[in-house]
Amino acid sequence: MGLNAKMTVTKDLKIHIGQKIKFFRKKISLSQEQLAEMINMETKSLSRIESGHNYPMYENLILISSALGVEPWQLYYMENSKDTDAMKNEIISALEEDKSKILPIYQYLLMLK
């Protein structure tokens, strides 16, 4: 793996971890300020982690996952066993079957921005 590929993987992982933290935080209706206070971290530092600019230090990763009620590995877990067209079709089918899923999926999409 070349240097550029390693840099891309590292950046993608930082972004992924940040998105997962944000997802789990919002899932339990915590603000960044509330989570930061719970783990004794500056809100700005948590924001930089969630936006994919910084990795959490190991100790902070443990504190964050504990505060969110998840295992640390869940912040890293990426399932990529299906191609994007198959996933898209599953989403469309699920939305057609149950319109009540539209709002939560839309809210999740907004979190990813």
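Computed from heavy atoms alone, side chains included, the values below leave out hydrogens, waters and symmetry copies.
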Starting from I62, walk the hydrophobic network (Ile, Leu, Val, Met, Phe, Trp, Tyr; side-chain heavy atoms closer than 4.5 Å) and list everyone else you reach, by chain and number. Y58
Test question: given the 4.5 Å side-chain rule for I, L, V, M, F, W and Y, name all other residues clustered with L103, or answer none.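 L103 clusters with nothing; isolated.
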ring-ring contact (aromatic ring centres under 6.0 Å, His included) partners of Y76, counting only residues at least two apart: none
Closer than 3.5 angstrom, by distance alone: can the side chain of [X] be matched with the main-chain N or O of [Y] as a donor-acceptor pair?
{"X": "S51", "Y": "S47", "answer": "yes"}
{"X": "S65", "Y": "L61", "answer": "yes"}
{"X": "R25", "Y": "L30", "answer": "yes"}
{"X": "K20", "Y": "Y77", "answer": "yes"}

Gap separating the [atom1] atom of [X] from the [atom2] atom of [Y], nearest 0.5 angstrom:
{"X": "K26", "Y": "L110", "atom1": "NZ", "atom2": "CG", "result": "8.5 Å"}
{"X": "I64", "Y": "I21", "atom1": "CD1", "atom2": "CD1", "result": "4.0 Å"}
{"X": "Q107", "Y": "F23", "atom1": "CD", "atom2": "CZ", "result": "11.0 Å"}
{"X": "E71", "Y": "S66", "atom1": "CD", "atom2": "OG", "result": "9.0 Å"}
{"X": "N54", "Y": "I17", "atom1": "CG", "atom2": "CD1", "result": "11.5 Å"}

Derivation of the side-chain contact (heavy atoms from CB on, under 4.5 Å) call for L13 and Y55: CA-CA 9 Å; L13 183 58; Y55 279 116; 3.7 Å; yes
Is there a continuous path of hydrophobic side-chain contacts, each under 4.5 Å between heavy atoms, that joins L63 to I28? yes
Among the clusters formed by ILVMFWY side chains lying less than 4.5 Å apart, do I91 and L109 turn up in the same one? yes
Residues in side chain to side chain donor-acceptor pair (under 3.5 Å) contact with [X], at least two apart in sequence or another chain:
{"X": "H16", "answer": "none"}
{"X": "N40", "answer": "none"}
{"X": "S100", "answer": "D98"}

Would you please name every residue forming a side-chain contact (heavy atoms from CB on, under 4.5 Å) with N89, sequence neighbours left out? none
Taking only residues two or more places apart in sequence, or in another chain, which ones meet D85 in a side-chain contact (heavy atoms from CB on, under 4.5 Å)?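 For D85, the residues satisfying side-chain contact (heavy atoms from CB on, under 4.5 Å) (neighbours in sequence not counted) are D83.
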Solution key, residues 31-39 side-chain donor-acceptor pairs under 3.5 Å, sequence neighbours excluded:
{"unit_1": "S31", "atom_1": "OG", "unit_2": "E33", "atom_2": "N", "d": "3.4"}
{"unit_1": "S31", "atom_1": "OG", "unit_2": "E33", "atom_2": "OE1", "d": "3.4"}
{"unit_1": "S31", "atom_1": "OG", "unit_2": "Q34", "atom_2": "N", "d": "3.0"}
{"unit_1": "S31", "atom_1": "OG", "unit_2": "Q34", "atom_2": "OE1", "d": "3.3"}
{"unit_1": "Q32", "atom_1": "NE2", "unit_2": "E50", "atom_2": "OE1", "d": "2.8"}
{"unit_1": "Q34", "atom_1": "OE1", "unit_2": "S31", "atom_2": "N", "d": "2.7"}

Quick one: do I49 and M41 satisfy side-chain contact (heavy atoms from CB on, under 4.5 Å)? Show the steps, please. CA-CA 11 Å; I49 291 169; M41 177 186 279; 3.9 Å; yes
